[in-house]
Amino acid sequence: MAIFEPTKENISKAAEHIQNGNLVSFATETVYGLGANALDPTACEKIFIAKERPHYDPLIVHVADVSMVSLVAAKFPEKAQQAAEAFWPGSLTMVLPKKDVISDSITANMPTVAVRVPDHPVAKALLEASERPVAAPSANPFGYLSPTTALHVEEQLGEKIPMILDGGECDCGVESTIVDFTVEPPQLLRFGGISKEQLEEVLGSIDLGKPVLERPLAPGQLASHYSPNTRLEIISPDDVPLIEAGQKVGLLTSGKDASFKVDMIESVSVDNDLEEAAHNLFSALHRLDDAKLDLIYAHSFPEEGIGRAIMDRLRKAAIKLK
Ligand code: AMP
Ligand code: MG
């Protein structure tokens, strides 16, 4: 078992692992991260190996506070500073011009680096004790459901990493929002914990850009992500799908009831609260995926606020490349 309580002693041990070029998984408010010293390309390579992550998918670099941005980014434009003031620490990742200390392997050969100051006491303690920027994507095998508990990480990657710092269930439950500040107006590359509406209140209008993973780099590298092993289909809450005899079916919904007979139901928010739904989304999908169903139906969510991030994850979960 690689799960450790975030005691002072264990935080120091974890920071030593980071300094020695090893991997540590740690809680953040979005999802659990799989971290390595961002200034050590050999250490970062271990992330790609453990996750079986292709090198065309760059890593997010985490720093303890805004003063550390200048360690990794060559420029910190005014709009990005305003965003930092409004949303950091928090679930906003900024794409900025990179400094040479950040190796091309972390940024998929791009001249930019993605940076975030997380808002979780465990992440903060680890970053402070490590005294280094820490590159950390989500701590799951590439393409699979993201982890929102230490146990999710243990089940998927436990044998590959010396330490998982347990910080309980992730509060936000979906990944950070990614905004590219190297262009004007800034471009939103991934929906996440901070909504487009919240960003626009501070930054004025922002564009929807194409995320790195959706640029046509090579055939087959595209939109599937966050995916359970079980087939998933999105349906409208008004739909009553035809279910074949003998088919074991699960439903991801919000509210209380299913309008058709299912073998398993996971309601992510009984009161239809979108923040609560995001918080519970991946845990519910993990449970549905573990239940050996033939099919998971997911009710669609309103595309407003964090509902956009939920629908982004569900759409990608519904696409299978295999
Ligand atoms: P993950 O932490 O696993 O959720 O993945 C990190 C996300 O950040 C991926 O979608 C990357 O494509 C994105 N990302 C990391 N670095 C950059 C960058 N320099 N420019 C644009 N997107 C990035
Ligand atoms: Mg991920």
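No hydrogens, no waters, no symmetry mates; every other heavy atom, side chains included, goes into these values. In listed order, ligands and their atoms are each counted from 1.
With no hydrogens or angles considered, no side-chain donor-acceptor pair links Glu45 and Thr42 at under 3.5 Å. Under the 3.5 Å distance criterion, with hydrogens and angles disregarded, no donor-acceptor pair is assigned to the side chains of Ser146 and Arg313.
By the 4.5 Å heavy-atom criterion applied to side chains, Phe260 and Ile243 are counted as neighbours.
Listed by atom number, the atoms of ligand 1 under 4.0 Å from Met110 heavy atoms are 18 (C), 19 (N), 20 (N). Residue Thr112 approaches ligand 1 through these ligand atoms, each under 4.0 Å from one of its heavy atoms: 18 (C), 19 (N), 20 (N). Proximity to Ala114 (heavy-atom distance under 4.0 Å) selects the following atoms of ligand 1: 15 (C), 16 (N), 17 (C), 19 (N). Here is the list of ligand 1 atoms found below 4.0 Å of a heavy atom in Ile178: 7 (C), 8 (O), 13 (C). Set against the non-hydrogen atoms of Ile60, the atoms of ligand 1 under 4.0 Å away are 2 (O), 6 (C), 8 (O).
Shown are Val113, Thr112, Ile106; of these, the side-chain contact (heavy atoms from CB on, under 4.5 Å) with Met110 is made only by Thr112.
Of the possible donor and acceptor atoms, one in the side chain of Gln81 sits under 3.5 Å from a partner among the backbone N and O of Phe76.
Only side-chain heavy atoms of Arg53 come within less than 4.0 Å of ligand 1; its backbone N, CA, C and O stay farther off. Residue-level proximity to ligand 1 for Leu189 is carried by the side chain, the only part with a heavy atom below 4.0 angstrom.
Note on Ser138: counted as a metal contact of the Mg ion (ligand 2), an N/O/S atom lying under 2.8 Å.
The shortest N or O to N or O distance between Lys51 and ligand 1 is not below 3.5 Å. The distance criterion of under 3.5 Å between nitrogen or oxygen atoms is not met by Glu175 with respect to ligand 1. In terms of polar-atom proximity, defined here as any N/O pair under 3.5 Å, Arg190 does make such a contact with ligand 1.
In terms of heavy atoms, Met311 sits closest to Ile234 at CE-CG2, 4.2 Å.
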ask   = Going through the distances and angles, do Thr253 and Phe301 end up as a side chain to side chain contact (heavy atoms under 4.5 Å, CB included)?
value = CA-CA 9 Å; Thr253 187; Phe301 287 77; over 6 Å; no

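Ligand 1 lies less than 4.0 angstrom from a heavy atom belonging to Leu59.
The aromatic rings of His152 and His286 sit parallel to each other, their planes meeting at less than 30°, with 60° as the upper class boundary.
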